[in-house]
Asks: 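Pasting a structure here, questions to come.
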Amino acid sequence: MIRSSVRRAVLPVAAGIILTLSQLSAVLAVSGLVVGPNVDISRFADNEAETTVAVNPTNPNNIVVVSNFQHADALMESVSFDGGASTNGGTTMRFLATLDHTDNSNPDNNGKKWGAGADQPSLATGPGGTWFVYKMFSQGGQLLQVRGLPVTGLGQFGLLSDQQLVPGSKYGSFGDIAVGQRGQVLTTYQDNIPTQGPSTIWTNLDPDGFGPAGFGAALAATSTNVGGFDYIPPQARRSVDAEAGLAYDRSGGAHRGRVYLLYTDEQPNESNNTDIWVRYSDNDAASWSAPVRVNDDAGTNSQFNPHIAIDQVTGFVAVGFHDSRNDLGTNGPGDTNGIANDDAQYFVAVSRDAGVSFSANEQVSVGTSNAEAAKNGVQYGDYTGMSFAGGVIHPAWADNSNSVGGNPDGALGRFDVYSAAILVQ
């Protein structure tokens with residue numbers, strides 16, 4: 001990443017990313033990732049956190065980031081048309097899933113109403129349309145519901161499907177949804193929500209999407225010691241969940257159809273040594289590979305709030321996450337207050353071999369953040385967003401370091417949303 005102002009000939013490597021030749025070679029020697037400048041894309045007073053990111057597949061320089069905005073009880077939106085180098089307001093053709101506690105409906109820009117939700121709705125697009133999973137409160141727990149919207153062309157929508165109950169999801173939450181290359185739909189979620197763990201992560205498959213089959217029985221994918229409310233030092237008030245995530249490979253490569261499962265685990269239980277793991281399946285979640293650890297630190301500090309994304313051209317897999325590895329409590333880099341493991345930075349890693357291994361981890365955030373200082377009820381939030389297209393990763397994370405200036409609340413004040421363009425070589 002850029003940490004100096006060495007004056008040499010520069011090499012433009014992607015929209016919004018300019019590095020010196022020496023910086024480029026130093027970065028590539030370790031991870032093959034070129035991290036562009038951090039950009040504060042919100043610059044609002046009060047807290048912004050819990051992000052989602054979308055890249056226009058027909059124009060990868062068009063990027064949209066949306067986050068929760070605590071002060072206005074609303075959503076922050078940032079739109080870029082230059083690969084993330086700068087942002088501004090604007091409109092774009094997209095789907096956006098939100099929760100609305102006023103009228104219990106969630107219309108998108110074209111007036112389609114998805115239904116009421118309890119927490120953390122997830123949306124995925126794929127062949128044939130868009131799918132949305134959300135949680136409905138019910139006596140005795142939460143029931144996951146799924147609806148789909150057929151899409152046949154730009155602005156050409158079919159009828160919104162009926163609500164489908166995800167079987168076995170009565171006690172499930174904090175999950176994701178993904179659409180495969182045939183239009184099949186896979187959901188994931190974890191159980192044992194009100195505890196610090198252990199927990200089981202489940203999946204349900206609808207093998208034909210908009211066809212008549214519907215979702216099959218719940219299958220256990222993996223166990224984890226991170227429950228729905230697991231308290232760790234960098235997120236001591238809000239807690240974290242396993243944040244299970246899914247991503248299907250729909251590229252034209254050898255592993256087309258492979259689906260990846262991302263989650264957080266803690267070994268041993270209640271040690272605060274949380275790590276990020278990925279498994280993959282070549283049979284639509286009927287069985288899974290052995291887990292592969294994404295974070296490459298040698299210590300026992302916490303990693304949390306991961307997100308997974310696939311470049312559908314190359315099939316490369318990217319994982320981003322908050323990481324406290326550099327907070328040793330010695331007032332050195334990565335430490336803001338002399339207390340170990342309560343500060344965090346943002347890291348990214350990439351798999352170029354279809355989930356068999358991951359690259360050296362690359363620190364993306366220039367500064368170091370502290371959630372307690374943000375005085376935010378959700379702290380970093382339950383999740384972060386990231387998109388990966390055209391060989392460039394675009395994450396968005398909560399950051400109160402004020403490392404690039406422009407945060408109205410100052411350094412270690414309230415959270416702004418930061419982003420950076422990361423070129424994958």
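Any value given below was found using the heavy atoms of this structure, including those in side chains, with hydrogens, waters and symmetry copies removed.
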Asks: Side chains of S281 and R258: is there a donor and an acceptor less than 3.5 Å apart?
Replies: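 Their side chains do not contain a donor-acceptor pair, so the 3.5 Å distance test is not met.
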Asks: Go through S365 and D399 one step at a time and tell me if the side chain to side chain donor-acceptor pair (under 3.5 Å) criterion holds.
Replies: CA-CA 8 Å; S365 60; D399 192 308; 4.8 Å; no
Asks: Have D284 and Q184 got a donor and an acceptor in their side chains that come within less than 3.5 Å?
Replies: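 A pair is found: one side chain offers a donor N or O, the other an acceptor, under 3.5 Å apart.
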Asks: Checking side chain to side chain contact (heavy atoms under 4.5 Å, CB included) against W397, which of T51, V417, N38 comes through?
Replies: N38
Asks: Considering all heavy atoms of both residues, which atom of H255 and which atom of A354 are nearest to each other, and what is their separation?
Replies: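 For H255 and A354, the tightest heavy-atom pair comes out as CD2-CB, 3.3 Å.
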Asks: Using side-chain heavy atoms (C-beta onward) and a distance below 4.5 Å, is T224 in contact with I201?
Replies: yes
Asks: For a quick test of reading the model, state the closest non-hydrogen atom pair linking R147 to D162 and the distance between them.
Replies: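 Between these two residues, the closest heavy atoms are NE-C, 4.1 Å.
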Asks: Can you find a pair of side-chain heavy atoms, one from F44 and one from D409, that are under 4.5 Å apart?
Replies: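 No, too far: nothing below the 4.5 Å cut-off.
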Asks: Between the side chains of S302 and N341, is a donor N or O closer than 3.5 angstrom to an acceptor N or O?
Replies: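 Yes, N341 and S302 have a side-chain donor paired with an acceptor closer than 3.5 Å.
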Asks: Please name the pair of heavy atoms, one in Q190 and one in A242, separated by the smallest distance, quoted to 0.1 Å.
Replies: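 So the two residues come closest at OE1-N, 2.9 Å.
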Asks: Answer yes or no: is there a donor N or O on one side and an acceptor on the other, between the side chain of N400 and the main chain of G413, under 3.5 Å?
Replies: yes
Asks: For A54, does its backbone N or O pair with a side-chain atom of S387 as donor and acceptor, under 3.5 Å?
Replies: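 Not confirmed, S387 side chain does not pair with A54 backbone.
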Asks: Is the shortest heavy-atom distance from the side chain of F304 to the side chain of S324 under 4.5 Å?
Replies: yes
Asks: If only side-chain N and O atoms count, and only distance matters, is there a donor-acceptor pair under 3.5 Å linking R414 with N407?
Replies: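 Distance-only check fails for N407 and R414.
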Asks: Can you check whether V278 reaches S351 side chain to side chain, under 4.5 Å on heavy atoms?
Replies: no
Asks: Tell me, with the steps shown, if N305 and Y346 meet side chain to side chain donor-acceptor pair (under 3.5 Å).
Replies: CA-CA 10 Å; N305 285 6; Y346 190 83; over 6 Å; no
Asks: Within the supplied structure, the quantity of interest is the number of heavy atoms (other residues, nucleotides, ligands) at a distance under 6.0 Å from R256 CZ; does it exceed 12?
Replies: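 Correct, the count exceeds 12.
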Asks: Ignoring hydrogens and geometry beyond distance, is a side-chain donor-acceptor pair present between D176 and T188 at under 3.5 Å?
Replies: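 There is no such pair (donor and acceptor under 3.5 Å, judged by atom type) between the side chains of D176 and T188.
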Asks: Indicate yes or no for a side-chain donor-acceptor contact from D353 to the backbone of S357 under 3.5 Å, with no hydrogens or angles considered.
Replies: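 Confirmed, D353 side chain pairs with S357 backbone.
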Asks: In terms of side-chain heavy atoms, does N204 have a donor or acceptor partner in Y189 at a distance below 3.5 Å?
Replies: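 Y189 and N204 do have a side-chain donor-acceptor pair below 3.5 Å.
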Asks: Distance-only, no hydrogens or angles: does the N361 side chain make a donor-acceptor pair with backbone N or O of D296 under 3.5 Å?
Replies: yes
Asks: With a cut-off of under 6.0 Å to the ring centre and 45° to the axis, is R325 in cation-pi contact with F347?
Replies: yes
Asks: Say whether, by atom type as modelled, one donor and one acceptor occur between the side chain of S169 and the main chain of L144 under 3.5 angstrom.
Replies: yes
Asks: Decide yes or no for N326 and Q363: does some side-chain heavy atom of the first lie under 4.5 Å from some side-chain heavy atom of the second?
Replies: yes
Asks: If we ignore hydrogens and angles and just use 3.5 Å, is the side chain of Q181 paired with the main-chain N or O of G252 as donor and acceptor?
Replies: no
Asks: Considering all heavy atoms of both residues, which atom of G168 and which atom of A218 are nearest to each other, and what is their separation?
Replies: CA-CB, 4.4 Å
Asks: Please round to the nearest 0.5 Å and tell me the distance separating atom CG of N269 and atom CG of N225.
Replies: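 Spacing of CG (N269) from CG (N225) equals 4.0 Å.
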Asks: For the pair T274 and E266, evaluate side chain to side chain donor-acceptor pair (under 3.5 Å) and give the outcome as yes or no after the intermediate values.
Replies: CA-CA 4 Å; T274 53; E266 181 181 39; over 6 Å; no
Asks: For the rings on Y380 and F415, is their centre-to-centre separation under 6.0 Å?
Replies: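 Yes, ring centres under 6.0 Å apart.
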Asks: Could you walk me through whether L33 and L423 pass the side-chain contact (heavy atoms from CB on, under 4.5 Å) test, one step at a time?
Replies: CA-CA 6 Å; L33 306 179; L423 180 70; over 6 Å; no
Asks: To the nearest 0.5 Å, what is the distance between CD on Q379 and CZ on R237?
Replies: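 Separation between the atoms: 7.0 Å.
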Asks: Quick one about S67 and E50 (side-chain donor to acceptor, distance below 3.5 Å, no hydrogens or angles considered), yes or no?
Replies: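 The criterion, which ignores hydrogens and geometry beyond distance, is not satisfied for S67 and E50.
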Asks: In terms of side-chain heavy atoms, does E48 have a donor or acceptor partner in S42 at a distance below 3.5 Å?
Replies: yes
Asks: Spell out, as yes or no, whether a donor-acceptor pair under 3.5 Å connects the side chain of Y260 to the backbone of A309.
Replies: no
Asks: Within the side chain of N301, is there an N or O that forms a donor-acceptor pair under 3.5 Å with the backbone of D327?
Replies: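 Between the backbone of D327 and the side chain of N301 there is a qualifying donor-acceptor contact (under 3.5 Å).
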Asks: Does any part of the side chain of V64, heavy atoms only, come nearer than 4.5 Å to the side chain of V66, both counted from C-beta?
Replies: yes
Asks: Nearest 0.5 angstrom please: L246 CG to S122 OG, how far?
Replies: 9.0 Å
Asks: Would you tell me whether T368 and Q345 have side-chain atoms, one donor and one acceptor, within less than 3.5 Å of each other?
Replies: yes
Asks: Is it true that D230 and R238 make a salt bridge, defined as a side-chain N closer than 4.0 Å to a carboxylate O?
Replies: no
Asks: Which atoms form the tightest heavy-atom contact between F215 and V185, and what is the distance?
Replies: CE2-O, 3.7 Å
Asks: Quick one: CZ on F321 to CD on Q303, what's the gap to the nearest 0.5 Å?
Replies: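 Taking CZ in F321 and CD in Q303, the distance rounds to 6.0 Å.
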Asks: Do F358 and V319 come close enough that some side-chain heavy atom pair is under 4.5 Å?
Replies: yes
Asks: Using modelled atom types only, decide if a donor and an acceptor are shared between the side chain of S419 and the backbone of P395 within a distance under 3.5 Å.
Replies: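 Side chain of S419 to backbone of P395: a pair is present.
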Asks: Roughly how far, to the nearest 0.5 Å, is the CG atom of D40 from the CG atom of D416?
Replies: 4.0 Å
Asks: Does G227 offer a backbone N or O that forms a donor-acceptor pair with the side chain of N192 under 3.5 Å?
Replies: no
Asks: One pair to check against side-chain contact (heavy atoms from CB on, under 4.5 Å): Y263 and T222. What are the steps and the verdict?
Replies: CA-CA 9 Å; Y263 62 99; T222 188; 3.5 Å; yes
Asks: Can you name the nearest heavy-atom pair linking I63 to G84, along with the distance?
Replies: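 Closest approach of I63 to G84: CD1-N, 3.6 Å.
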Asks: Please check if any side-chain donor atom of N283 sits under 3.5 Å from a side-chain acceptor atom of S287, or the reverse.
Replies: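 Per modelled atom types, N283 and S287 side chains form a pair under 3.5 Å.
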Asks: I'd like to know if the side chain of D342 pairs up with that of N337 as donor and acceptor (distance under 3.5 Å, no hydrogens or angles considered).
Replies: yes
Asks: With a 4.5 Å heavy-atom cut-off, do V226 and S199 have their side chains touching?
Replies: no
Asks: Strictly by modelled atom types, are N61 and D82 linked by a side-chain donor-acceptor pair under 3.5 Å?
Replies: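 Result is no, nothing qualifies.
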Asks: Kindly indicate, with the supporting measurements, whether the criterion side-chain contact (heavy atoms from CB on, under 4.5 Å) is fulfilled by Q196 and E270.
Replies: CA-CA 8 Å; Q196 295 205 73; E270 297 312 308; 3.2 Å; yes
Asks: Should F69 and L75 be marked as a side-chain contact (heavy atoms from CB on, under 4.5 Å) after you check the CA-CA gap, both sets of side-chain angles, and the distance that decides it?
Replies: CA-CA 5 Å; F69 185 15; L75 299 177; 5.9 Å; no
Asks: Kindly compute the distance separating CD1 (I308) from CD1 (I276), expressed to the nearest 0.5 Å.
Replies: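 Between atom CD1 of I308 and atom CD1 of I276 there are 11.0 Å.
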